[in-house]
Amino acid sequence: MAQKPSIPKGTRDFSPIEVAKRNYIFNIIKKSFELYGFQPIETPSFEKSETLMGKYGEEGDRLIFKILNSGDYLKDIRVKIANSGSFNIHFFELLFLLKGILAVNPNFDDFLDTINTYLNGSSAIDNEVKNLLAKYFIENEDVIKSFYKNRPEFNPTNILATAEDINFDRKLFIGIYNKYINNFKHLNSKKATLLVSEKALRYDLTVPFARYVVQHQNELTLPFKRYQIQAVWRADRPQKGRYREFYQCDADVVGSKSLIQEVELVQLYDDVFTKLGLTEVEIKVNNRKILSGIAEIIGAKDKLIDFTVALDKLDKIGAEGVTKEMLSKGISEQAIEKVQPLFSFTGTNQEKVAQLKEMLQTSEEGLKGVEELQYIVDSIEAIGLQTAILDIDVTLARGLNYYTGAIYEVVTNKVKIGSIGGGGRYDDLTSIFGLKDLSGIGISFGLDRIYLVLEELELFKALELPKPKVLFLNYNTENIPNRLKALTELRKNGIAAEIYPDTATSNKKQQKQFKYLQKREIEYVILDDEIGEELHLKNTKTGEVVIGGIKKIIESIE
């Protein structure tokens with residue numbers, strides 16, 4: 001019995017109605033993007049690994065999907081590693097030997113005992129290992145000869161013997177084990193990964209955009225405002241609202257340090273969610289400089305990333321969990337005690353700004369962040385928002401490494417689902433690709449979570465799936481040429497139409513065509529009861545029938 005097909009965890013199929021709902025969201029976001037002057041771009045679904053790795057912090061790097069090199073990439077891996085300077089060909093000889101030992105004794109708890117027994121002269125597993133070793137060495141004779149060529153301290157004579165007459169050199173194995181076991185225990189996984197995977201699926205749209213800006217810098221007019229709506233992939237644990245494949249809808253501006261951009265992006269969030277009918281979303285805002293200032297005044301400046309990553313988890317793991325994580329990262333109890341007030345920071349935005357000024361009065365960088373935050377708060381209070389709420393959240397850190405100024409996160413209290421948007425200022429992201437002093441700021445809309453929120457709150461407006469306005473029934477093969485001509489004329493006049501493809505040869509099959517008509521809720525039908533060029537158009541809602549040529553039919557429909 002054939003196995004039932006399935007899709008990988010964290011991915012989804014979309015039905016026609018689901019696609020229509022997603023497009024409804026896409027279209028509203030696109031229109032708002034363009035209303036604010038953004039232009040569309042697209043980038044490849046995968047990038048070079050070096051473009052993505054190291055840009056998202058340690059946690060982010062672990063969630064990047066790596067793509068194995070095409071072809072028989074393992075064929076030359078031994079040579080690549082031998083030439084890399086980080087490994088030695090003997091590592092693979094050893095690995096193969098250990099594979100043989102494990103094949104005989106797969107209990108990993110007894111692994112080292114088995115090796116020691118073997119090294120001490122036991123012959124119980126001798127033949128098993130010899131057979132595996134012989135097969136390996138014969139298949140890789142050229143590689144081994146190349147390795148031993150400039151290493152006279154090893155004698156390959158016995159190693160290259162035939163499988164039937166191998167005289168295994170136990171001393172050689174002991175030498176390999178003792179000299180290279182550290183390579184086995186302490187394998188540099190990052191370097192090893194690069195040898196088998198040079199590409200990776202994009203983790204977000206921001207880093208690929210930075211690469212795009214640097215690569216096409218001579219073609220762009222600054223400030224450059226771009227939007228991008230494409231899929232991204234993360235090797236995360238799937239749960240409600242969190243997928244391994246999902247869409248991001250990003251808007252970024254590069255080439256301007258003006259805080260006007262920070263204000264406009266708050267307005268853009270407000271505009272989109274108001275048009276989607278999702279009112280009273282909370283746009284949380286903070287500033288990375290404020291976080292740096294706090295880390296400075298508590299004496300944990302060297303632990304800034306660990307501090308911010310832990311602080312960002314406050315709403316998920318609580319104050320106790322944050323404290324525990326900070327302690328595990330080497331942040332002292334005294335430092336943590338100083339930041340305790342941040343765990344319950346309350347008041348209006350203006351009151352919060354005043355408290356931050358007081359707290360950070362000895363930190364120049366922290367006060368700069370407070371000044372930028374003050375500008376955003378003052379501007380939004382002067383302009384006003386349609387339905388969204390701006391709120392300063394000093395625990396908001398967003399664990400990405402590249403934000404340098406304002407940080408945003410959007411949540412709704414109407415559905416428990418996590419953030420539905422986020423972003424921030426990145427003053428020097430393009431420098432990682434060789435282009436310095438090009439400031440940028442961007443925000444992202446989480447399409448999939450927004451979809452779930454609109455669905456749960458029943459905020460999707462009545463959506464009609466694409467369907468023909470006219471269906472030609474198909475009972476008589478003699479009428480098909482004439483019907484196809486009429487079908488073409490309707491389409492030329494912008495009227496969506498289709499013909500049922502299979503000719504009905506029985507009443508049952510005729511009923512099947514009518515069921516198709518009813519399920520698709522098609523407004524008009526061309527009957528096919530009689531043979532001839534004259535068309536019979538029936539309105540399925542009123543029952544009215546019009547008889548005539550194609551011109552008359554078109555006039556009746558329009």
Has R244 got its NZ or CZ under 6.0 Å from the middle of the six-membered ring of F65, at an angle within 45 degrees of the ring axis? no

Could you check whether E320 and T323, counting side-chain N and O atoms only, form a donor-acceptor pair closer than 3.5 Å? no

Could D61 and K55 be called an ion pair, given the rule that one side-chain N must be under 4.0 Å from one carboxylate O? no

Quick one: ring-ring contact (aromatic ring centres under 6.0 Å, His included) pairs with a partner in residues 373-398, sequence neighbours left out? none

Could you point out which residue of D427, T430, T404 forms a side-chain hydrogen bond (donor to acceptor under 3.5 Å, both in side chains) with S439? D427

Over all atoms of both residues, closest heavy-atom pair of G405 and E372: CA-OE1, 4.3 Å

Just by modelled atom types, is the P44 backbone N or O under 3.5 Å from a matching donor or acceptor in the R202 side chain? yes

Between E381 and Q350, a side-chain donor and acceptor under 3.5 Å: yes

Answer yes or no: is there an ion pair linking D391 with K284, defined by an N-O contact shorter than 4.0 Å? no

Quick one: do E47 and K199 make a salt bridge, cutoff under 4.0 Å? no

Is the distance between the ring centroids of F38 and Y227 less than 6.0 Å? no

Given 3.5 Å as the limit, does a donor-acceptor pair link the side chain of K21 with the main chain of I17, or not? no

Charged N to carboxylate O under 4.0 angstrom, E198 versus K48? no

Would you say N287's side chain and L373's backbone share a donor-acceptor pair under 3.5 angstrom? no

Should E296 and S363 be marked as a side-chain hydrogen bond (donor to acceptor under 3.5 Å, both in side chains) after you check the CA-CA gap, both sets of side-chain angles, and the distance that decides it? CA-CA 7 Å; E296 179 186 344; S363 171; 3.0 Å; yes

Pair listing, side chain to side chain donor-acceptor pair (under 3.5 Å) test, anchored in residues 254-264, at least two apart: E262-R425

Which pair of non-hydrogen atoms, one from L465 and one from A20, has the smallest distance, and what is that distance? CD2-CB, 3.6 Å

Determine, step by step, whether K352 and D393 satisfy the salt bridge (Lys or Arg N to Asp or Glu O under 4.0 Å) criterion, reporting the C-alpha distance in whole Å, the side-chain angles of both residues, the deciding distance to 0.1 Å, and the verdict. CA-CA 9 Å; K352 289 177 181 178; D393 183 352; over 6 Å; no

Heavy-atom pair with the smallest gap, counting every atom of L220 and Y212: CD2-CE2, 4.2 Å

Taking ring-ring contact (aromatic ring centres under 6.0 Å, His included) as the cut-off, I'd like each qualifying pair that reaches into residues 251-293, sequence neighbours left out, listed once. Y269-F445, F273-F445

Salt bridge (Lys or Arg N to Asp or Glu O under 4.0 Å), that's the test. Do E325 and K313 meet it? Break it down for me. CA-CA 10 Å; E325 181 165 333; K313 297 177 181 177; 3.2 Å; yes

CD1 (I260) with more than 12 external heavy atoms under 6.0 Å: no

Could you tell me if D271 and Q267 have a donor-acceptor pair between their side chains, going purely by distance under 3.5 Å? no

R234 to F246, cation-pi by 6.0 Å centre distance and 45° axis angle: no

Heavy-atom pair with the smallest gap, counting every atom of E42 and Q230: CA-OE1, 3.3 Å

Which heavy atom of L222 sits nearest to which heavy atom of L438, and what is that distance? CD1-CD1, 3.8 Å

Compare every heavy atom of S419 with every heavy atom of V411, then report the nearest pair and how far apart it is. CG1-CA, 3.9 Å

